[in-house]
Amino acid sequence: MAKGLPTRAENYSEWYNEIVKRAGLAENSAVRGCMVIKPYGFAIWEKMQRALDDMFKETGHVNAYFPLFVPKSFLEKEEEHAEGFAKECAVVTHYRLKANPDGKGLIVDPAAKLEEELIVRPTSEAVIWNTYKNWIQSWRDLPLLINQWCNIVRWEMRTRLFLRTAEFLWQEGHTAHATEQEAVEEAERMLEVYATFAEQWIGLPVIRGVKTPNERFAGAIETYCIEAMMQDGKALQAGTSHFLGQNFAKAFDVKFVNKENQLEYAWATSWGVTTRMIGALIMAHSDDNGLVLPPKLAPIQVVIVPIYKSPEDLASISEKVAPIVDELKAAGISVKYDDDDQQRSGWKFAEYELKGVPVRLGVGMRDLEAGTVEVARRDTLSKESRPLEGIVDHVNGLLDEIQANIYKKALAFREENTFRVDTWDEFKEQIEKGGFISAHWDGTAETEEAVKNETKATIRCIPLNAAAEAGKDVYSGKESARRVIFARAY
RNA sequence: CGGGGCGUAGCACAGCCUGGUAGUGCGCACGGUUUGGGACCGUGAGGCCGCAAGUUCGAAUCUUGCCGCCCCGACCA
């Protein structure tokens with residue numbers, strides 16, 4: 001076990017916080033509620049960005065950039081949207097500071113008050129649809145498929161590294177379409193992109209679903225989501241995709257002329273995933289020794305640690321290892337040969353385990369003589385001695401195996417902790433133990449609210465693949481057509 | 001914004017109750033011995049004790065007021 005790292009069983013949230021800090025992913029900043037993403041954490045984000053961006057491009061999207069500031073009047077235009085975000089907005093009121101006449105330091109120059117306040121974007125629908133108004137005239141201008149990578153600010157009272165901070169990084173896709181059907185298909189397509197990314201890259205099984213009206217994005221007609229289970233049995237929303245109908249087109253007067261020469265409002269979607277996915281990755285796979293990274297997102301996939309006594313030994317190990325490093329690189333594997341003389345091998349083993357490096361190769365003098373290498377995998381913590389010959393192929397296969405294994409493990413965990421519940425007593429008992437509860441819901445906001453008040457559990461989603469099944473609401477006893485997923489959530 | 005806790009070296013903390021000018025561990029620097037799972041010994045550097053005012057001969061310690069951070073709740077990706 002890592003030195004002094006709290007265990008998941010002892011204190012799950014402290015375990016999480018410590019992993020984030022000790023693995024060098026992020027730390028709290030001097031600015032309240034904001035985080036500093038450190039190089040190792042940012043490297044994971046860069047890998048996520050790369051993979052997602054490729055998927056966005058493959059589905060026909062292009063990147064652009066819109067301003068950080070949203071004039072208050074823009075935000076106001078779509079009423080529900082405005083209401084939903086109003087209570088968490090940072091507002092710019094002035095554009096200048098000046099020397100404090102009463103002493104040292106600076107004060108806000110009262111003479112430099114902005115005519116109209118600017119909101120630091122909590123999301124960009126308003127700015128973007130205000131822009132789209134000028135870009136869209138004809139059906140020939142559609143669909144408009146644009147994404148941007150940026151930061152946003154949502155003034156949170158209580159923050160946690162990666163999971164909830166006042167400022168965070170994300171991507172937001174904003175598309176405009178000529179027909180309702182096309183927009184709905186886009187929202188569903190992007191949800192599937194997210195689900196694929198979560199499952200195949202993060203190794204995180206997700207439930208695809210739609211939100212209840214209560215949980216919907218402010219201004220959306222339908223919110224699709226992917227929900228994942230963390231190791232403490234709580235749910236975490238890993239991505240959302242919205243069908244916005246014509247709400248924003250109407251608010252910003254975005255009309256186009258269709259093939260019949262008639263004016264119509266454009267149909268919209270928006271979709272986003274955030275740096276929160278890094279939190280999901282940590283909480284889904286890591287163990288009491290530290291981080292466990294899926295090979296596809298690991299900044300370092302393979303670390304090679306030389307084990308030696310004298311500088312001469314190190315030299316001969318380095319000589320033997322050099323071609324292997326080259327071969328691994330040639331095979332597209334990111335590898336680090338850690339010949340740093342400042343730290344001992346035992347220290348390095350522990351350190352790379354804490355950092356979640358999927359595969360570690362240990363090479364010592366004994367290996368040199370025997371033509372072997374010690375192969376250690378992070379996900380199972382198992383070690384074996386293998387012939388140096390053919391090691392690159394072996395590692396390549398091993399990375400795939402680890403990627404598959406951590407997904408399998410997470411899926412098995414979710415299945416073991418998902419319960420079909422049909423009585424209210426059972427519901428209350430189970431929710432205390434954690435996990436997902438699949439239960440009947442009568443479709444009313446009243447019941448949803450009552451369940452939340454009594455148990456802190458919310459409806460995470462109505463699964464897209466939910467089979468029609470007549471039943472009785474677990475709380476109210478009223479008629480229900482299908483089961484939904486209840487859980488306590490992050 | 002309500003309830004609780006905490007601000008002392010880069011980090012984690014002790015000292016405060018019972019006032020006398022600051023200590024431990026990790027880390028850091030140097031030297032040596034070590035090296036197949038977080039080495040050990042020795043020497044050394046490093047602090048306006050969150051800020052401000054008050055009490056006192058004297059304040060990290062007592063009083064008051066600020067500021068900041070963390071945890072628990074309501075809100076949220």
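Chain naming here is simple, since letters A, B, ... match the order of the sequence lines and numbering starts at 1 in each. This one's a predicted model, so the numbers in the text were calculated from it and none came from an experiment.
Residue pairs satisfying the ring pair (Phe, Tyr, Trp, His ring centres under 6.0 Å) criterion with at least one member in residues 218-245 of chain A, sequence neighbours excluded, are listed as follows: A:F217-A:H242. Residue pairs meeting the side chain to side chain donor-acceptor pair (under 3.5 Å) criterion with at least one member in residues 40-51 of chain A, sequence neighbours excluded, do not occur.
Of the candidate nucleotides B:rC69, B:rG38, B:rG37, B:rC69 has the atom nearest to the side chain of A:R32. Residue A:E374 has its side chain nearest to B:rG36 when only B:rC75, B:rG36, B:rG38 are considered. Picking from B:rC69, B:rG37, B:rC75 the nucleotide with the shortest atom distance to the side chain of A:K452 gives B:rC75. Looking at the side chain of A:N28, the nearest of the listed nucleotides B:rG37, B:rA74, B:rC70 is B:rC70. When the nucleotides B:rC70, B:rG36, B:rG38 are ranked by their closest atom to the side chain of A:R366, B:rG36 comes out on top. Distance from the side chain of A:R360 is smallest for B:rG37 among the nucleotides B:rG38, B:rA74, B:rG37.
When the C1' atom is used for both B:rC28 and B:rG10, the distance is 8 Å, rounded to whole Å. Atom name C1', nucleotides B:rU43 and B:rG5: the rounded distance is 40 Å, in whole Å. B:rC41 and B:rG25: their P atoms are spaced 10 Å apart (whole Å). With both ends at atom P, the span from B:rU63 to B:rG7 equals 15 Å, rounded to whole Å. The gap from the C1' atom of B:rC49 to that of B:rG68 amounts to 16 Å, rounded to the nearest Å. For the P atoms, the distance from B:rC70 to B:rA12 is 12 Å, rounded to whole Å.
Under the salt bridge (Lys or Arg N to Asp or Glu O under 4.0 Å) criterion, A:D313 pairs with no residue, sequence neighbours left out. The side-chain contact (heavy atoms from CB on, under 4.5 Å) search around A:K98 returns A:I107, A:D109, A:P110, not counting sequence neighbours. In this structure A:F427 satisfies the ring-ring contact (aromatic ring centres under 6.0 Å, His included) test together with A:W424, A:F486, sequence neighbours excluded. Judged as a side-chain contact (heavy atoms from CB on, under 4.5 Å), and not counting sequence neighbours, the contacts of A:F168 are A:I152, A:R154, A:T165, A:W170, A:T274, A:T275. Every side-chain contact (heavy atoms from CB on, under 4.5 Å) that A:L145 has, sequence neighbours left out, goes to A:H61, A:P143, A:T175, A:H177, A:E186. A:Y132 meets the ring-ring contact (aromatic ring centres under 6.0 Å, His included) test with A:W129, A:W135; sequence neighbours excluded. The ring-ring contact (aromatic ring centres under 6.0 Å, His included) test applied to A:W347 returns no partner, not counting sequence neighbours.
A:Q237 comes within 4.0 angstrom of sugar-phosphate atoms only, judged by non-hydrogen atoms across all strands, and of no base.
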For nucleotides 31-35 of chain B, give me every protein contact, N/O to N/O, under 3.5 Å, one pair per line with atom names.
residue : atom : partner : partner atom : Å
B:rU34  : O2   : A:R344  : NH1          : 2.8
B:rU35  : O2'  : A:Y308  : O            : 3.1
B:rU35  : O4   : A:K309  : O            : 3.3

What protein N or O atoms touch nucleotides 4-6 of chain B N or O atoms at under 3.5 angstrom, if any, and at what distances?
none

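Between A:F349 and A:A489, the residue anchored closer to the 5' end of RNA chain B is A:F349, taking for each the nucleotide with the nearest heavy atom. When each of A:N17 and A:E88 is assigned the nucleotide of RNA chain B with its nearest heavy atom, A:N17 is the one assigned upstream, toward the 5' end.
You won't find any donor-acceptor pair under 3.5 Å spanning the side chain of A:K348 and the base of B:rG36, going by distance alone.
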Please assess A:R488 against A:E432 for the test salt bridge (Lys or Arg N to Asp or Glu O under 4.0 Å), listing each intermediate value before the final yes or no. CA-CA 9 Å; A:R488 287 185 181 155; A:E432 291 303 323; 2.8 Å; yes
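Note that A:R360 lies in the cation-pi zone of A:F349, set by a 6.0 Å cut-off to the ring centre and a 45° limit from the axis.
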Reading RNA chain B 5' to 3', what string of ( ), [ ], | and . shows its pairs, if Watson-Crick and G-U wobble pairs count only when both distances fall under 3.5 Å? ((((((((.[[[[.)....(..]]]].((((((.....)))))).....[[[[[..)....]]]]])))))))....
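The shortest non-hydrogen separation linking A:A23 to A:L291 is CB-CD2, 4.1 Å.
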